[in-house]
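Keep in mind that what you see is a predicted model, and the values were worked out from it rather than measured. Atom set for the values below is all heavy atoms of this structure, side chains included, hydrogens, waters and symmetry mates excluded.
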Amino acid sequence: YFEFTNNGTISTTTATSTALTLADNSNNSFSLRAKDITGNWSTATTVTAEISTIPVVINEVAWSGNSAAYYNDEWIELYNRTGKSINLANWILYSATDLSPYVALSGTISANGYYLLERTNDDTVSNIAADKIYVGALANSGENLILSYASSTIDQVPYCSNWCGGSSNYYSMERYDPDIAGTDSSNWGTNNAVIRNGRNAGGGDINGTPKARNNANYLINKSGSVSSDLTLSASRSPYLVDNTLQTFNASSTLTIEPGVVIKFYNNAGWQFIAGAKILAQGTVDNPIIFTSFYDDGYAGDTNGDATSTSPSFGNWYGLRIDSPGAESIINNAVFRYGGRAWTDSQANLYVANSSAVITNS
């Protein structure tokens with residue numbers, strides 16, 4: 001007679017085996033103990049398991065190389081979505097288009113870490129050590145890249161004419177969200193040189209983020225307007241707002257979790273919340289921060305330039321709330337370095353035609 005506990009749910013059985021259906025991308029704890037015929041229980045044995053059908057993804061592809069002088073210096077980055085280190089033996093990265101490149105992977109990729117493949121030699125990204133050197137060119141016309149394990153496809157980049165992102169001007173193709181399928185062509189974009197990492201063989205900046213979080217992943221929205229409710233989670237903070245995000249529609253509610261940091265770049269911000277109801281309820285220990293992209297005081301040195309730049313008044317326009325009929329709530333929030341002049345406003349926070357409760361901020 002067995003008692004089985006899965007994530008707090010207790011079941012009993014006399015069977016010698018039990019089948020469970022577990023959610024993808026979930027962490028599970030299992031506990032088992034047995035009772036003998038006299039009613040004595042054994043000591044419980046507990047194990048944990050993380051379930052992920054797509055543990056490693058193709059995260060970034062520099063298919064056009066690094067610069068005009070180094071167009072052969074292509075590189076590919078993988079990302080481990082799980083909290084466990086993964087042995088890459090029996091993993092293959094290859095082009096289903098023409099089998100070039102075809103790379104048998106080796107070594108390990110750390111928990112929530114990156115794995116960098118550099119073409120030809122380790123000078124491709126000169127200041128970051130490669131995890132794997134490979135041969136085989138990526139066609140500028142596009143490739144269907146496959147990441148497989150033991151002949152099973154784990155992730156892939158679909159064939160898009162001239163790729164699904166990146167550019168021939170040596171900007172990498174970046175994945176927006178590692179939790180969304182790589183086969184979704186809209187999940188790919190182009191590094192915009194706002195957040196970069198690494199140097200090429202000539203010592204110049206790479207327009208990409210090898211072995212670092214993708215520039216595209218910092219964005220709240222890929223482009224244009226947001227028409228549905230949206231929650232900004234602390235786990236993905238900090239966020240970057242540039243001028244590609246125009247406005248939130250009147251029907252939407254923006255909820256911001258405690259501890260979220262939002263950084264504004266390139267004079268952004270004026271229509272950030274225009275039309276939307278905002279619920280930004282931080283805490284004393286975890287306030288919500290609205291600040292300049294150049295502010296290293298919150299969420300660190302996002303632009304990676306050490307002390308070369310510093311924030312100043314008017315770096316961004318400020319936050320505008322213009323949502324008639326909806327009451328916004330802001331509590332324990334900090335506004336810094338906004339107030340760039342725009343029409344009738346020059347403020348960190350501007351409320352127009354709206355009701356807003358603002359406290360402890």
Side-chain angles (χ1 to χ4, degrees), residues 24-25 52-66 73-82 85-119 124-125 128 130-167 171-191 197-198 206-218 222:
D24 196 16
N25 304 317
S52 179
T53 57
I54 311 177
V56 181
V57 298
I58 303 166
N59 201 48
E60 190 170 8
V61 183
W63 54 265
S64 65
N66 289 333
D73 283 354
E74 301 166 345
W75 50 269
I76 303 170
E77 177 196 79
L78 308 180
Y79 175 67
N80 180 356
R81 299 173 58 244
T82 77
S85 177
I86 295 176
N87 188 332
L88 292 178
N90 297 319
W91 288 71
I92 304 290
L93 177 68
Y94 67 96
S95 168
T97 306
D98 57 10
L99 295 182
S100 178
Y102 189 97
V103 188
L105 304 180
S106 59
T108 60
I109 180 170
S110 61
N112 302 121
Y114 301 93
Y115 186 95
L116 181 61
L117 298 95
E118 298 184 29
R119 179 182 166 191
T124 296
V125 183
I128 300 175
D131 295 290
K132 186 75 175 182
I133 305 296
Y134 73 95
V135 295
L138 296 168
N140 286 2
S141 57
E143 304 251 13
N144 176 205
L145 291 181
I146 303 288
L147 178 64
S148 69
Y149 171 70
S151 300
S152 296
T153 296
I154 303 299
D155 188 41
Q156 62 178 303
V157 178
Y159 175 82
C160 300
S161 179
N162 297 318
W163 295 88
C164 307
S167 79
Y171 292 81
S172 73
M173 182 176 81
E174 295 187 325
R175 193 180 188 126
Y176 282 106
D177 190 339
D179 296 330
I180 295 176
T183 52
D184 182 352
S185 60
S186 68
N187 195 31
W188 295 94
T190 302
N191 180 278
N197 189 53
I206 287 176
N207 294 318
T209 54
K211 280 214 164 181
R213 181 179 171 184
N214 290 347
N215 178 99
N217 188 250
Y218 284 89
K222 298 172 188 176

#### Entry: side chain to side chain contact (heavy atoms under 4.5 Å, CB included) partner of K132, the single match among L116, L93, V103
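For K132, the side chain to side chain contact (heavy atoms under 4.5 Å, CB included) test succeeds with only one of L116, L93, V103, which is V103.
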
Any donor-acceptor N/O pair, [X] side chain to [Y] backbone, under 3.5 Å:
{"X": "N144", "Y": "Q156", "value": "no"}
{"X": "W163", "Y": "A139", "value": "yes"}
{"X": "N214", "Y": "R175", "value": "yes"}
{"X": "S185", "Y": "C164", "value": "no"}
{"X": "E60", "Y": "T209", "value": "yes"}
{"X": "S100", "Y": "G136", "value": "no"}

### Polar contact flag, side-chain donor to acceptor under 3.5 angstrom, T53-D24
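Judged by distance alone, the side chains do pair up.
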
### Task
Say whether E174 and N217, considering side chains only, have a donor N or O and an acceptor N or O under 3.5 Å apart.
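No, no side-chain donor-acceptor contact under 3.5 Å.
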
### Task
Would you check, one step at a time, whether the test side chain to side chain contact (heavy atoms under 4.5 Å, CB included) holds for M173 with V157?
CA-CA 11 Å; M173 182 176 81; V157 178; 3.6 Å; yes

I want to check something: taking the side chain as every heavy atom from C-beta on, are [X] and [Y] in contact at a cut-off of under 4.5 Å?
{"X": "L105", "Y": "D131", "answer": "no"}
{"X": "S110", "Y": "N80", "answer": "no"}
{"X": "I206", "Y": "N191", "answer": "no"}
{"X": "V61", "Y": "E143", "answer": "no"}

### Task
Please report the closest heavy-atom contact between I58 and W188, naming both atoms and the distance.
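Distance-wise, the nearest heavy atoms are O-CH2, 3.1 Å.
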
### Query
What are the two closest heavy atoms between Y79 and I109, and how far apart are they?
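Where Y79 meets I109 most closely, the heavy atoms are C-CD1, 3.9 Å.
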
### Message
Could you check whether atom OH of Y171 has more than 12 heavy atoms from other residues, nucleotides or ligands sitting under 6.0 Å from it?
### Response
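Count not over threshold, so no.
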
#### Entry: Neighbour count above 12 (heavy atom, 6.0 Å) for Y149 OH
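It does not: Y149 OH has 12 such atoms or fewer within range.
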
### Message
Between D155 and R81 (salt bridge meaning N to carboxylate O under 4.0 Å), is one present in this structure?
### Response
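Between R81 and D155 there is no salt bridge, as every charged N stays at least 4.0 Å from the carboxylate O atoms.
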
